[in-house]
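In what follows, every chain begins at residue 1, and chains take the letters A, B, ... in the order their sequences are listed.
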Amino acid sequence: MHENYDPAAVEAAAQADWRARNAYRVVESGGAKFYACSMLPYPSGKLHMGHVRNYTINDVMTRYMRMRGFNVLMPMGWDAFGLPAENAAIEQGIAPAVWTRQNIADMKAQMQPLGLSFDWSREITTCDPDYYRWNQWFFLKMLECGIAYRRTQTVNWDPVDNTVLANEQVIDGRGWRSDAVVEKREIPGYYLRITQYAEELLEGVARELDGWPDPVRLMQANWIGKSCGVNFGFPYTLCGEPQLLRVFTTRADTLMGVTFCAVAPEHPLAAHCARDHPHLAAFIAECKRGGVSEAQLALAAKQGMATGFHVTHPLSGERIEVWVANYVLMAYGEGAVMGVPGHDARDFAFAKKYALPIKQVIAVAGQAYSTDAWQDWYADARDGYLVASGKYDGMSSPQAIDAIAADLAARGLGEKQTTYRLRDWGISRQRYWGTPIPIIHCATCGAVPVPYEDLPVVLPEDLVPDGSGNPLNKDERFLRCLCPRCGEAARRETDTMDTFVDSAWYYMRYCSPDAHEAMVDQRIDYWMPMDQYIGGIEHAVLHLLYARFWTKVMRDLQLVKFDEPFTRLFTQGMLLNECFYRDEDSGRRRWFYPSEVDVRYDDRGKPTGAVAREDGAPVSLGGIEKMSKSKNNVVEPRQVMQQYGADTARFFSMFAGPPDQSAVYSDSGIEGAYRFLRRLWSYCHGRRELLASPTAAALDGFAGGAAHRQLRRQIYLALAQADFDYRRLQYNTVVSACMKMLNALEAAELPEEGDARGATAAAVREALGILLRVLYPVVPHITHALWQALGFRAVHGELFTASWPQVDAHALEQETMQIVVQVNGKLRGRVNIAVSADEHAAKEAALADAHVMKFVGDKPLRRVIFVPGKLVNLVV
RNA sequence: GCGAAAGUGGCGGAAUUGGUAGACGCGCUGGACUUAGGAUCCAGUGGGGCAACCCUUGAGAGUUCGAGUCUCUCCUUUCGCACCA
């Protein structure tokens with residue numbers, strides 16, 4: 001054993017041992033299984049300190065569960081399709097396939113030294129044909145059963161680059177590369193009918209996902225956005241034919257307050273009215289300009305224009321004018337709304353702007369209604385009753401909704417309906433680097449599915465996008481094919497699938513990555529549903545909802561037997577860093593790397609400012625921010641690992657804060673972690689001879705002195721805390737428990753001579769055996785080395801197969817204990833009493849304390865509260 | 001605008017869920033050892049006060065023998081949704 005801790009040597013040796021033993025390869029062999037998985041990363045090529053934290057959380061969890069006896073699966077893969085590879089291709093002229101595979105190799109190489117216990121034999125790369133062929137296969141299955149279908153979609157179109165833009169590529173209504181004004185275009189695409197599962201997805205949130213964080217469940221529920229109301233129509237006549245202008249409302253009770261109707265600019269009735277109305281046509285065109293993102297639409301001012309067209313009120317028979325309004329969404333409900341300015345804040349504002357009549361039909365006792373200004377109670381459906389509504393007068397809102405819905409139904413004009421905010425999932429992307437949609441377009445047969453036996457449709461990997469559209473459209477080798485139905489020459493679909501398709505089911509493929517004949521095989525019954533999924537909160541809605549939907553479709557096609565894929569979900573926090581800047585004379589803001597800055601403190605340790613090392617002149621504190629290149633506050637794991645080793649990086653990232661919250665990187669925190677590991681090493685080095693000496697004293701008959709008993713108690717108390725915190729995934733306090741153990745060991749004054757030597761050796765051996773095992777999941781390398789050097793391996797086998805230490809209840813026992821004495825709830829003293837003491841004995845002990853008596857005085861005792869093991873409170 | 005979460009020393013954060021607030025670490029102060037140390041070790045470190053004591057978990061109320069923890073009203077920050085009819 002070397003005297004000094006040398007992380008590089010320790011870590012290389014430990015990893016060599018694990019490799020030689022194939023320590024993390026896992027098979028489906030009986031026993032309780034535990035499947036824990038981190039969301040698969042995009043291979044950007046750079047490993048981030050944030051990755052280190054995320055995967056260490058996963059690794060700590062699984063190493064702990066292995067020690068608890070579980071058969072643990074912890075896989076890793078790559079979300080390898082997507083836009084960044086195409087952007088890199090445009091910038092660097094490299095094929096996305098080459099760029100992506102190189103990045104994967106780089107990232108894997110950076111991950112390796114961290115000592116993560118992945119079973120690499122199950123690695124998945126989503127751009128491999130062996131993987132994405134099952135995207136294609138399942139897509140065809142979904143087409144067969146009607147879950148997948150084709151329809152037109154509205155997209156952002158860049159008329160200069162001739163390409164479709166994602167919402168985030170539209171900046172101020174212009175293409176991010178070309179700067180051309182973006183148009184909306186209608187093009188055909190494939191959709192998945194996730195709305196068919198809306199109710200089940202919502203019920204699952206409420207009933208089955210109790211292992212998920214509440215914010216995520218809430219976000220999913222809001223995203224699905226169920227609302228119950230009435231769908232009905234306003235009759236009108238068009239070219240002599242009776243028609244209905246259908247609307248959806250949750251407030252049918254306000255139907256008698258309707259003073260106008262409003263339709264979306266894309267509504268067919270709007271187009272009809274605009275034919276002889278150039279002003280209206282111009283207004284509609286104006287509304288359709290700009291991006292399609294909803295956030296942009298929401299910021300636009302409410303505008304509308306009357307059409308001059310009228311419909312009939314379904315109950316009163318009044319003539320109601322139809323308006324076109326930009327705040328009505330074609331995609332929600334019927335693309336048309338009834339306007340009730342009296343009881344809807346938005347309609348109220350609209351009516352005020354265009355001088356439309358406002359009619360009160362709901363009253364609340366004690367509240368005065370005025371059309372001058374909006375008040376929140378106008379829209380309240382709880383306390384109101386109907387007025388000016390004919391036969392419905394006096395009803396409560398819920399009663400009126402039922403009565404009005406029944407009357408509409410009786411006239412054949414409407415019915416109660418449940419709608420969802422959730423919309424079908426459009427999976428077509430006019431992009432090259434993705435899974436080809438397995439469809440062939442034939443001039444006579446139309447869109448024909450590729451036969452199953454012809455899968456996979458392989459994506460050519462040698463194309464280099466240049467920014468002007470999808471290169472597949474120019475690749476004749478790919479395009480040319482024969483129609484599977486009529487055998488004539490045909491062309492392949494060039495759209496590819498959304499990358500959310502890849503991530504919707506990859507975690508199932510880990511269970512049987514080598515299954516060549518099927519998407520998944522029977523091994524999935526062993527591993528799934530996953531016990532613990534780990535990922536960022538940013539995936540709270542889309543990815544997790546798509547994965548749940550995909551699972552339910554797989555279940556309905558009898559591929560799997562479970563309803564929900566992820567039993568528990570853990571959302572880990574981000575790693576942030578300080579940043580520093582100086583505004584230069586040129587007006588430019590210069591960001592300093594934290595290592596270029598010295599922070600100054602006053603005598604109390606309060607920071608007083610910071611100066612740049614290069615010139616000693618002050619710099620400003622920019623606060624704590626997400627690590628980003630532009631702010632110069634990125635820390636590369638490589639630097640930390642080279643200087644201090646992987647264990648220090650792991651230890652720091654676990655100790656920095658609770659794993660579910662964001663944490664701040666700090667150099668002194670890294671130093672502190674390194675200091676602890678060095679102390680641990682040197683303590684063990686100092687005790688190696690004691691531990692090597694033969695000892696007759698077995699722990700069973702261990703009767704050592706008070707110092708020995710105190711040490712054992714401290715160690716086991718810390719073990720109990722660590723075990724509790726491992727179970728609730730609070731690894732920062734696990735680390736703190738380990739620090740307490742080492743502090744206790746270092747502080748213990750144990751005899752090392754004569755008869756007591758054996759007892760001391762036994763106590764220290766027991767304590768270190770526990771400490772090394774508790775610390776192992778966090779810092780597996782140094783503990784591996786110390787376990788061997790101190791002779792534990794010879795007795796108990798390898799550390800990575802060791803079992804979790806049990807708390808010895810006997811060691812925690814004590815004869816007397818300190819309890820707190822309160823007088824009127826204020827802390828006034830501490831007394832030692834027997835553990836077995838009852839309330840009476842505790843009271844007597846408390847009253848015997850001089851300091852306590854000072855506060856009790858001769859006042860009569862009104863009440864005594866005794867909490868065994870904690871305190872006694874004297875109420876006077 | 002709607003919804004959610006969170007505010008604890010100079011800092012990161014503990015407090016096993018109503019029972020000793022500030023564990024553990026960082027930083028800072030003093031000391032020891034040193035040619036030197038930004039290495040290591042020892043001691044101190046929420047605020048006020050000479051002291052007895054008093055105050056202290058964003059602010060204010062409330063429930064309770066007892067509140068960081070529960071309730072209400074504000075304030076601040078972060079996140080999510082964003083015209084959802």
Side-chain angles (χ1 to χ4, degrees), chain A residues 213-216 218-219 221-223 225-227 229 247-251 254 262 293-302 325-329 331-340 344-347 349-350 419-421 537-538 540-541 578 599 601-608 624 652 655-658 661-673 675-676 678-679 682 718 720-721 723-725 727-728 730 732-740 743 746 818-830 854 862-867 869-876:
Chain A
D214 286 338
V216 176
L218 188 75
M219 279 157 77
N222 288 344
W223 190 264
K226 180 178 182 173
S227 75
V247 301
F248 173 78
T249 181
T250 54
R251 293 298 305 277
T254 64
S293 108
E294 291 184 355
Q296 282 171 356
L297 291 176
L299 291 172
K302 287 179 185 45
N326 65 346
Y327 72 85
V328 181
L329 304 176
Y332 185 77
E334 297 287 346
V337 297
M338 64 179 198
V340 186
D344 180 280
R346 214 174 19 200
D347 293 345
F350 192 76
T419 40
Y420 299 88
R421 202 193 78 108
I537 186 82
E538 65 273 20
V541 179
E578 286 183 295
V599 180
Y601 301 92
D602 68 9
D603 281 2
R604 286 215 163 127
K606 205 180 210 170
T608 52
I624 311 281
F652 165 76
F655 189 53
Q661 286 169 34
S662 59
V664 184
Y665 175 85
S666 100
D667 283 326
S668 51
I670 291 277
E671 289 280 355
R675 187 175 309 150
F676 174 82
R678 276 200 323 253
R679 256 176 65 204
S682 87
Q721 187 200 321
D723 190 45
F724 179 79
D725 290 337
R727 286 169 198 263
R728 59 172 180 162
Q730 190 170 286
N732 53 327
T733 45
V734 164
V735 170
S736 122
C738 294
M739 290 171 161
K740 284 179 189 171
N743 289 347
E746 286 182 333
Q818 194 179 63
I819 65 164
V820 164
V821 182
Q822 295 181 337
V823 178
N824 288 344
K826 289 206 172 220
L827 175 66
R828 294 303 181 195
R830 297 181 171 87
K854 209 166 99 186
R862 274 179 37 216
R863 206 172 146 189
V864 175
I865 286 122
F866 176 59
V867 182
K870 295 263 187 208
L871 59 77
V872 59
N873 186 11
L874 308 174
V875 186
V876 297

In whole Å, what is the span from the [atom1] atom of [X] to the [atom2] atom of [N]?
X: A:L827; N: B:C53; atom1: CG; atom2: P; value: 11 Å
X: A:R421; N: B:C2; atom1: CZ; atom2: P; value: 17 Å
X: A:I670; N: B:G27; atom1: CD1; atom2: C1'; value: 16 Å
X: A:D214; N: B:C79; atom1: CG; atom2: C1'; value: 15 Å

Could you please name the option among [options] that lies closest to any side-chain atom of [X]?
X: A:L329; options: B:A52, B:A85, B:A82; value: B:A85
X: A:R728; options: B:G80, B:C65, B:A15; value: B:A15
X: A:W223; options: B:A21, B:C81, B:A85; value: B:C81
X: A:P658; options: B:G13, B:C55, B:C65; value: B:G13
X: A:K740; options: B:G66, B:C84, B:C24; value: B:C24
X: A:F655; options: B:U16, B:G12, B:C83; value: B:G12
X: A:Y327; options: B:G13, B:G19, B:C83; value: B:C83

(request) Answer yes or no: side-chain N or O of A:E671 and base N or O of B:G38 forming a donor-acceptor pair under 3.5 Å. (result)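 Such a pair does not exist between side chain and base.
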Over all strands shown, is [X] touching base, sugar-phosphate only, or nothing at heavy-atom distances under 4.0 angstrom?
X: A:V337; answer: base
X: A:T419; answer: nothing
X: A:L871; answer: base
X: A:V328; answer: base
X: A:K226; answer: nothing
X: A:N732; answer: sugar-phosphate
X: A:N743; answer: sugar-phosphate
X: A:R828; answer: sugar-phosphate
X: A:Q730; answer: sugar-phosphate
X: A:N873; answer: base
X: A:V867; answer: base

Could you work out the separation of [N] and [M] based on their [atom1] atoms and round it to a whole Å?
N: B:C26; M: B:U78; atom1: C1'; result: 25 Å
N: B:U8; M: B:G22; atom1: C1'; result: 8 Å
N: B:C41; M: B:U76; atom1: C1'; result: 44 Å
N: B:C50; M: B:C42; atom1: C1'; result: 28 Å
N: B:G7; M: B:G13; atom1: P; result: 10 Å
N: B:A51; M: B:U40; atom1: C1'; result: 38 Å
N: B:A85; M: B:C79; atom1: C1'; result: 27 Å

(message) Just confirming the chi classification of B:G9, syn or anti, using 90° around 0 as the syn window.
(response)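 Here B:G9 takes the syn form, which means its glycosidic angle is within 90° of 0.
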(request) Consider only side-chain N and O atoms of A:N824 and A:R862, and report whether a donor and an acceptor are under 3.5 Å apart. (result)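 A:R862 and A:N824 do not have a side-chain donor-acceptor pair below 3.5 Å.
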(message) Please determine whether a side-chain nitrogen or oxygen atom of A:K826 lies at a distance below 4.0 Å from atom OP1 or OP2 of B:C55.
(response)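 Result: yes.
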(request) Report yes if a side-chain nitrogen or oxygen of A:R346 is closer than 4.0 Å to either non-bridging phosphate oxygen (OP1 or OP2) of B:C83; otherwise report no. (result)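 So the side-chain polar atoms of A:R346 never come under 4.0 Å of the phosphate oxygens OP1 or OP2 of B:C83.
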(request) Would you please indicate yes or no on a ring centroid separation below 6.0 angstrom for A:Y327 and A:F350? (result)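 So the answer is yes for these two rings.
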(message) Any non-hydrogen side-chain atom of A:T254 less than 4.5 Å from a side-chain atom of A:M338?
(response)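 Answer yes - side chains close enough.
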